[in-house]
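Okay, so here's the structure we're looking at.
Please read these numbers as outputs of a predicted model, since none were measured by experiment. Labels below follow one simple rule: chain letters A, B, ... track the order of the sequence lines, proteins then strands, and each chain is numbered from 1.
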Amino acid sequence: MAYGTHRVVTNVGFELGRGKSLALIGESGSGKSTIARAVLRLLPTTGHATGRVEFDGQELLALPERRFRPFRGRRIGFVPQDPGNSLNPVRTVGAQAMEAAALLDEPDKALRKALVLETFAQVGLDNPQRVYDSYPHQLSGGMLQRVLIGLAVLPRPSLLVADEPTSALDVTIQKRILDLLSKLQEELKISLLLITHDLAIAAERADSIVVLKDGAIQESGNTATVFSAPSSSYARKLHGDVPALNPDRYRPLREPGFRHLSANREKTPKIEVSGVTKNFTVDGKVLTAVNDVSFDVQAGTTHALVGESGSGKTTAIRLLLGLEQPDTGKIAVGGEQVNGRSPEQLRSVWRHLQLVYQNPFTSLDPTWNVEKIVREPLDRFKIGTHQERALAVRKAFADVGLGEHLLSRKPAALSGGQRQRVAIARSLVLKPDVIVLDEPTSALDVSVQADIVEVLLSLQVKLGLTYIFVSHDLALVRQFAHTVSVMQRGSIVEHGTVGEIFDTPRQPYTRSLLESIPSGAARFARTQPLQQRQIFNEEKIA
Amino acid sequence: MSKAYLNYAAKRLVQAIVVILLAYVFTFIVVSILPGDPITNVLNNPQNGFTPDEIKEIIAAQGLDKPIPVQLWNAFSGFVTGDLGLSMRTNRPVATLIGEVLPSTLVLASAGLAVALFLAAIIAYGTQFLPRRFGQGLLRGVPSLFLSVPNFVIGLVLIHLFGFQLGVFRVIEPDSFWATLFAAIALGIPISAQIAEVLIANLDHESGQDYAAVARGRGLGQMRLFVMHLLKPSSLPVITVVALTIGELLGGSLITETVFGRNGLGSLVQRSVSTQDLPVLQAVVSLAAVVFVVVNLIADLTYPLLDPRVKLLGTQHRRPTTADDSSLPISKAVTP
Amino acid sequence: MTLASLSSTPTTLVGRLTGLRVPPVVILSFLIVTLAIAWSLAPGLFTGYDPVNGTPAQKLLGPSAAHWFGTDHLGRDLYARVVYGTASSVASALIAVVIGVVAGGIIGLLAGFFGGWVDTVFARLVDVLLAIPKFLLAVIVVTAIGFDTTNAAIATGVSAVALFARVMRSEVIKTRQATFVESSFLLGGSRWHILWRHVLPNASRSVLPLAVLQFGDSILVIASLAFLGYGDPPPASDWGLLISIGKDYLKWPWLVYAPALVTIATVLSVNRISRWLRKTD
Amino acid sequence: NVTPALAEDGAHDGGDVVFLIDSLGDTWIPNNSAISSFQGHIWGHVTDKLLYVDADGKVSPWIAERWEQNDNATEFTLHLKGGVTFSDGSALDAAAVVANLDIWYAGRKSEGINPIGLFPKTYDHAEAVDATTVKVFFKKPTLGFIPTLGYHGSILISPKTIASPASSQADLSKTSGSGPYVVESWKEGDYVKLARRKDYNWGPAAVGQTGPAHLDTITYKLVSEPSLRVAAVQSGQADVAYNASPQELESLKSEGLTVATPRYLGFVNGWAVNTKLAPYDDVKVRQALQAGINRQEIIDTVYTPDWKLATSFIQSNVPGATDQSALLAYNPEKAEKLLDEAGWKKGADGVRVKDGKPLLLTLNSNPYLATSKSIDELISQQLGKIGWKVDIRAYDVVTYGQKVKYGGAGVPAYEVTRSFIDAGTVAGILTNANNGENWFALDESDKTLNDLRDKIAGAGSIEARRPLLDELQKYVLDQGYFIPRTQIVQRIYVQSPKLKGEVYNGVAYASYYTATKSE
Ligand SMILES: Nc1ncnc2c1ncn2[C@@H]1O[C@H](COP(=O)(O)OP(=O)(O)OP(=O)(O)O)[C@@H](O)[C@H]1O
Ligand SMILES: Nc1ncnc2c1ncn2[C@@H]1O[C@H](COP(=O)(O)OP(=O)(O)OP(=O)(O)O)[C@@H](O)[C@H]1O
Ligand SMILES: [Mg+2]
Ligand SMILES: [Mg+2]
Ligand code: NI
């Protein structure tokens with residue numbers, strides 16, 4: 001398969017039995033969606049596929065478009081990757097559902113509608129009629145994903161292609177959707193081609209697995225076999241990089257932090273947040289984003305903030321950085337008060353307090369080259385001579401494991417992992433005491449994530465840095481942090497050391513968070529954190 | 001109608017009124033900078049043999065010797081109460097003059113807009129059904145070409161071809177159906193290019209959206225996909241573009257009317273500019289501004305009602321992307 | 001308007017030309033524009049005829065090997081007049097674009113960056129400019145400051161201010177909200193540093209194709225103004241003037257069509273380039 | 001009422017004529033618009049004048065059947081035709097004439113009604129002796145009064161219209177004249193449609209017809225593009241195209257169209273030189289200019305043989321014009337010699353220089369004459385050869401009116417296109433005495449000229465004036481005060497061959513009063 005002259009998937013072959021499920025896994029850009037679309041012949045006009053795709057003994061690729069169309073929807077259903085974009089925004093959900101219903105051999109329109117409503121109920125939508133009358137933007141991501149699954153199964157296809165059906169969703173919803181898919185698959189005897197980059201999901205849900213890298217198959221076979229005895233080196237590395245599978249992978253690197261934790265118990269903590277509350281007024285309504293939050297962080301340790309989307313994690317750290325002013329409460333970093341200061345007065349605080357953003361790309365000016373980007377804080381804070389600055393930049397570059405040949409590139413010419421390392425290097429070059437990391441790896445693949453986590457931890461050991469770490473990914477938190485605060489709807493519901501929280505959670509909310517990690521975690525654990533891409537975009541645009 | 005919408009509407013209305021009033025003052029200032037006026041000009045012509053004293057007397061009788069702010073105030077209070085004053089050039093009421101030419105321009109502008117929409121629709125929707133390689137590429141090049149040909153060249157060619165060679169219309173009857181049609185074509189072609197570009201960009205954007213692929217995954221054919229899914233979201237932003245081209249329709253009529261010998265607002269402006277008939281210029285420009293502001297107000301107010309995607313956050317207002325930034329929705333660039 | 005648009009690939013013009021695959025049409029467009037620029041820089045290299053002094057006895061000759069575009073009513077070689085008129089046509093369009101980009105850019109930059117009342121004031125100002133049909137505005141302005149091509153260019157530029165202000169403003173607002181701006185803030189950047197070093201370069205990236213587009217448009221607007229008689233006095237030979245003069249001699253159609261075709265070819269090329277810039281950006 | 005024209009051609013009454021015109025002027029207030037080059041056409045059909053002046057400047061009776069004057073030309077008596085009525089029904093009697101004379105002289109300035117510019121400023125008052133006799137009194141001898149009555153500004157308007165306010169006068173349909181046509185409908189900047197007045201029977205005998213006109217309607221339609229006007233006539237969509245481009249005339253003639261290029265009475269097209277402005281204060285430079293212009297080439301290049309070489313600075317058809325061609329011959333060698341003598345030496349780039357200053361001539365092209373720019377360009381080439389640097393400037397009508405004046409700074413040569421009926425007018429332009437226009441910025445400095453001026457102004461009879469005029473023409477041209485370019489044809493008519501029998505008067509307006517149209 002190729003887009004234009006650019007070949008992206010080579011020589012891929014697999015089989016999926018009736019009523020069985022197959023998981024297609026691989027890192028981002030490995031060609032998973034391309035394969036899904038090729039099966040449905042939905043590649044954009046620039047793309048084309050060669051080879052054979054057989055369905056029920058029928059060759060699909062060679063069929064003329066007109067003859068292929070009856071297959072779509074009716075016999076092969078498709079659940080897209082991104083629920084937010086997959087329904088026409090200017091038509092009601094119902095109108096689009098009726099299109100799917102039109103594929104049934106049911107002439108009566110009223111009956112068709114009844115079927116649609118029934119399907120909506122079946123996929124767990126509480127109020128089918130309301131959903132039917134809504135426009136897509138009036139529904140949440142989870143509801144939309146359920147609608148899409150409903151639309152896909154409504155014409156009773158015999159094959160369902162689900163392209164990362166949950167990657168845009170919250171941990172808790174993710175589990176419900178996957179359960180739903182499994183249930184439908186069983187009830188309706190549908191074959192499921194499940195595409196995911198989440199090893200844990202694949203382990204839990206699929207009968208067999210195909211591992212993809214750079215458009216080529218690395219390994220395929222029965223799920224259990226692939227997991228217990230991975231034959232390719234790539235699969236093995238993948239295996240090793242999944243946090244949930246290796247909770248203690250970085251134990252040696254984290255030891256010093258734990259020592260600081262116990263040693264410094266009595267000293268003033270590096271970061272003190274006490275009684276902080278922040279309200280936003282939206283459309284006349286008051287929204288409490290952060291509610292009476294308090295936590296301390298000892299120097300040289302990592303504190304994690306976890307919680308589902310919208311629970312106030314980002315707001316909390318923006319308050320910490322002084323980018324927002326709290327309504328009540330006090331914040332101090334390294335003994336200096338942060339709240340109540342103007343940006344000019346905060347300059348001295350920022351000198352020792354840096355932030356790494358969730359999205360590595362948007363935090364780098366696309367018109368600057370990397371060297372200039374990394375040097376910017378030195379220039380701004382007027383640190384050192386010209387030569388010293390150039391040297392510092394090179395050193396920070398080496399620290400995060402980037403080669404000097406990248407210095408003259410612009411961000412667009414770097415991969416996601418490289419960009420995030422540039423962002424980290426930019427924070428490091430100032431030699432700050434505290435680095436705040438807002439989901440620094442959520443946009444990255446497990447392998448890249450593992451590299452970055454390692455870099456961060458070794459730097460912590462080397463330089464005695466203090467981290468605040470925001471994440472959805474509990475497994476990663478367990479690998480990386482020393483202490484944890486669990487946030488729900490703006491408040492901290494539970495906090496303690498990693499061991500305390502993960503082994504003996506006291507709050508039901510914490511327990512539900514931990515449970516929603518795919519149960520395959522028992523054997524293989526879960527990997528990839530949630531991607532909040534859609535929601536993130538929405539917020540930026542509005 | 002939500003409270004947010006009413007809030008938004010009220011704010012837009014106030015803005016529109018402010019803009020109209022400011023436009024009036026702005027025009028007055030620009031027009032007052034014009035170095036002369038028709039009266040003084042006639043008087044200065046030596047052939048008319050006026051003495052300097054006579055000239056002074058006549059100018060004073062016209063109130064042209066008063067300071068600019070006083071003149072502005074007099075004109076402005078007239079404008080607000082609907083009195084547009086007397087044309088210096090023709091000595092007739094400005095309202096009468098405008099009343100005489102307005103119908104012709106309105107007909108031309110609406111016909112031009114209709115032609116533009118028609119052509120744009122053919123070009124843009126045509127790209128959806130032509131084979132990608134050959135026909136589509138050509139069709140996609142058409143807007144660029146349309147934008148590159150000077151308006152008056154199109155007009156001259158049309159007149160000579162259809163007016164004289166083929167005799168489809170009589171040049172001396174510019175208000176006849178065929179003459180109007182060809183004038184409308186000359187006027188509409190550049191505008192159709194702008195609309196087509198936006199439409200094509202929107203169509204490309206929408207058909208590249210996941211929902212289009214998903215809908216095809218539900219078994220929809222190209223025709224039904226286009227009619228049911230792509231047509232509306234890609235065409236809605238055209239409302240904004242059309243509203244923005246109102247100014248061009250009015251301004252473009254200046255050349256088209258000159259070339260086709262039509263007597264409309266544009267040719268009135270040209271006569272008034274060349275003789276510097278300040279009251280008429282002032283009135284026409286203000287009128288054009290009023291039309292523009294009102295049309296855009298209507299567009300901005302109806303858009304949120306038509307497009308469910310638009311969210312009114314307080315007074316903030318967002319519309320989907322249009323082709324290039326020159327056709328950005330006005331409210332986007334205008335509402336702070 | 002998604003964040004993705006910020007992630008587009010910035011490359012230099014040269015890089016685009018050499019590195020990327022450039023469609024043949026765009027190459028042709030560049031050639032035409034280059035030729036136009038060469039005509040305006042060194043017209044003498046392209047023709048041996050005098051654009052001002054002709055041979056009256058050879059008036060109104062048709063196109064031939066000796067006179068590619070024929071001769072005009074005073075016996076001057078039309079091709080030479082077109083070639084020598086290029087400088088003024090191109091320069092005036094440049095003036096118009098520069099005025100539009102600089103004035104509009106500054107207004108948009110300030111309004112977008114500072115927001116608040118600055119924005120409100122500028123936004124109304126831009127609304128007013130926008131509400132007045134730009135061609136009417138150009139006609140009035142050129143009458144106010146006098147008939148010649150430079151003034152027509154100024155008038156055209158003034159009427160383009162609103163457009164650039166609007167685009168610049170929305171780009172600035174978009175950029176201002178970008179994470180890297182906040183990040184520069186955290187890295188100790190002052191407001192001015194951010195404005196000049198981050199916001200301006202990023203916002204201008206979408207202004208560039210627009211400016212190129214506006215360049216083509218300005219050629220047309222200035223030609224239209226010349227057509228209506230608001231151009232340079234003789235013996236100037238701007239393209240618009242040539243068309244305008246030619247239209248009085250329609251018996252000799254090349255007097256209109258030759259300069260018209262040159263104009264169309266140039267503007268079309270410029271539009272093509274702009275479209276390509278927008279796409280590759 | 002059978003007219004000879006009809007009998008000869010076998011043509012018949014009736015027919016509609018469409019006349020394409022490049023502008024319909026500005027206001028329609030009669031006083032302000034009567035002399036307009038465009039509206040004059042309409043006024044010529046809608047109104048009558050007291051006297052008729054033909055293309056050769058011969059004055060003959062019209063509404064005034066006879067006239068007398070006292071010896072020193074300060075009192076005139078006009079005897080009017082009886083039974084003449086305006087289209088609103090009121091009589092064109094002595095009282096009406098007095099009302100017209102008064103408003104021609106004074107206008108109503110506070111309302112924006114201007115006086116008729118060229119009406120003698122020496123007017124004192126007029127009296128209606130009886131219904132058909134008017135006595136007119138002047139403060140000083142005014143020999144030009146009688147010809148002025150045939151001038152295009154002196155149109156007779158109904159007293160009711162004259163009494164109405166300016167804004168009502170500006171509405172053409174509300175104005176009543178006594179002419180052979182009445183305004184049927186009109187639209188500003190668009191068209192004026194005239195319809196025949198059936199009871200008209202007081203036409204000027206000089207055109208060979210006094211009864212009603214033949215054509216039913218005449219429509220003056222504005223088409224501003226010259227090429228469109230001509231093409232419309234060629235394709236039979238209209239009957240007359242006004243102001244065609246001279247270059248096209250030859251081929252139009254060969255297509256069988258009628259081309260008329262009547263010359264008006266007045267000054268030729270040329271420059272009044274500003275003698276205050278260096279280097280044109282030097283007679284040798286002026287004479288070099290006079291000799292350095294190839295007038296034949298102008299006619300060959302810009303015009304057609306219908307245009308005549310200038311023989312003086314007044315058109316050759318004006319009574320009193322004399323042939324001074326010798327003074328206007330093209331002689332570049334002489335010009336160069338004169339310039340050399342005056343100290344202007346050719347520099348490296350071919351431009352003559354004196355005291356570090358180049359020999360510069362700034363020309364302000366006349367916006368009223370379409371060919372003006374082309375001629376300026378051509379002359380610029382001619383003068384360029386003998387070392388002159390010529391700058392051409394173009395303004396719109398209004399700016400031109402403001403910036404370009406006789407003797408203005410920056411205006412070395414003012415381009416004249418100006419009609420008059422009586423050659424005596426010339427006395428008024430020479431100097432600044434008696435409110436004179438002072439074309440050459442000489443003030444009272446030139447004794448010879450002052451002398452001639454006084455003698456011409458004071459002449460009691462045409463015969464006494466003739467030799468003086470000859471002397472004046474020779475002197476002005478020899479001194480290089482006035483540089484003629486060509487005799488002017490300001491009005492060019494391209495006409496369908498079906499239309500015949502039109503008449504051109506002394507100011508070159510076409511009258512279709514006598515015209516007929518064949519099917
Ligand atoms: N329309 C397209 N034109 C050109 N290249 C494309 C197109 N769509 C995808 N690609 C490229 O094809 C490759 C495979 O993309 P694909 O979307 O199949 O990856 P994926 O495995 O689904 O990744 P993800 O996990 O991010 O969804 C990538 O390198 C991508 O950049
Ligand atoms: N500037 C703001 N104005 C209004 N509401 C805001 C603003 N910033 C955040 N909020 C709201 O505050 C709540 C907490 O948001 P926050 O970004 O802190 O969540 P989060 O835990 O970081 O979520 P995610 O995991 O999705 O990043 C959300 O409901 C959000 O919509
Ligand atoms: Mg994918
Ligand atoms: Mg967040
Ligand atoms: Ni005249």
Side-chain angles (χ1 to χ4, degrees), chain B residues 15-16 18-20 22-23 25-27 30-31 33-35 141 143-145 147-153 156 160 190 197 244 246-252 254-255 258-259 266 269-270 273-274 276 281 284-285 288-290 292-293 296 318 320-321 324-326 328 330 332-336, chain C residues 1 25 108 111 115-116 119-120 123-141 143-146 163 165-167 169-171 206-207 209-210 213 216-217 220 223-224 227-229 240 243 247 250 256-257 260 263-272 275 278:
Chain B
Q15 271 174 12
V18 168
V19 169
I20 288 176
L22 283 178
V25 175
F26 177 82
T27 318
V30 172
V31 166
I33 301 174
L34 291 184
S144 278
L145 179 67
L147 276 180
S148 312
V149 185
N151 208 309
F152 50 89
V153 172
L156 285 176
H160 278 269
E197 288 214 321
L244 283 172
I246 292 299
E248 223 156 307
L249 280 169
L250 295 176
L254 203 151
I255 289 180
T258 308
V259 171
V269 166
Q270 234 218 311
V273 158
S274 62
Q276 300 178 4
L281 279 182
V284 174
V285 176
V290 169
F292 182 88
V293 170
N296 277 281
R318 175 165 70 87
T321 347
D324 65 16
D325 290 305
S326 58
L328 270 182
I330 178 169
K332 179 154 223 148
V334 156
T335 354
Chain C
M1 304 303 116
V25 188
D119 191 18
T120 314
R124 290 300 86 78
L125 186 77
V126 168
D127 279 4
V128 168
L129 281 176
L130 209 61
I132 299 173
K134 68 176 182 174
F135 200 72
L136 281 191
L137 187 64
V139 166
I140 293 175
V141 171
T143 315
I145 54 183
L163 174 71
R166 229 157 47 103
V167 173
R169 177 179 175 278
S170 67
E171 285 299 311
S206 62
V207 172
L210 190 65
L213 196 68
D217 195 49
L220 293 189
S224 302
F227 179 81
L228 293 179
I243 301 174
K247 72 164 199 280
L250 277 177
V256 167
Y257 292 123
T263 311
I264 293 171
T266 311
V267 177
L268 191 57
S269 305
V270 166
N271 285 354
R272 252 328 299 208
R275 192 126 73 91
R278 237 181 313 169

Contact leader toward chain B among [options], where contacts are heavy-atom pairs under 4.5 Å:
options: C:S224, C:G216, C:A223; value: C:S224
options: C:L228, C:V270, C:L136; value: C:L228
options: C:L137, C:I132, C:T263; value: C:I132

Side chain, backbone, both or neither of C:I243 within contact of chain B (heavy atoms, under 4.5 Å):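 Contact with chain B: side chain only.
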Looking only at heavy atoms and a cut-off of under 4.5 Å, which of [options] has the most pairs with chain C?
options: B:L147, B:T27, B:L249, B:N151; answer: B:L147
options: B:P190, B:P143, B:A289; answer: B:A289
options: B:L250, B:I255, B:V293, B:V18; answer: B:I255

Under 4.5 Å from any heavy atom of chain C, what part of [X] do you find: side chain, backbone, both or neither?
X: B:L156; result: side chain
X: B:T258; result: side chain
X: B:V149; result: both
X: B:V259; result: side chain
X: B:V153; result: side chain

side-chain contact (heavy atoms from CB on, under 4.5 Å) involving C:L125 - partner list, sequence neighbours excluded: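 C:I107, C:F122.
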Set of residues satisfying ring pair (Phe, Tyr, Trp, His ring centres under 6.0 Å) with respect to C:F135, sequence neighbours excluded: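 Partners of C:F135 under the ring pair (Phe, Tyr, Trp, His ring centres under 6.0 Å) test: none.
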Heavy-atom side-chain proximity of C:T120 to C:R124 below 4.5 angstrom: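 C:T120 reaches C:R124 side chain to side chain.
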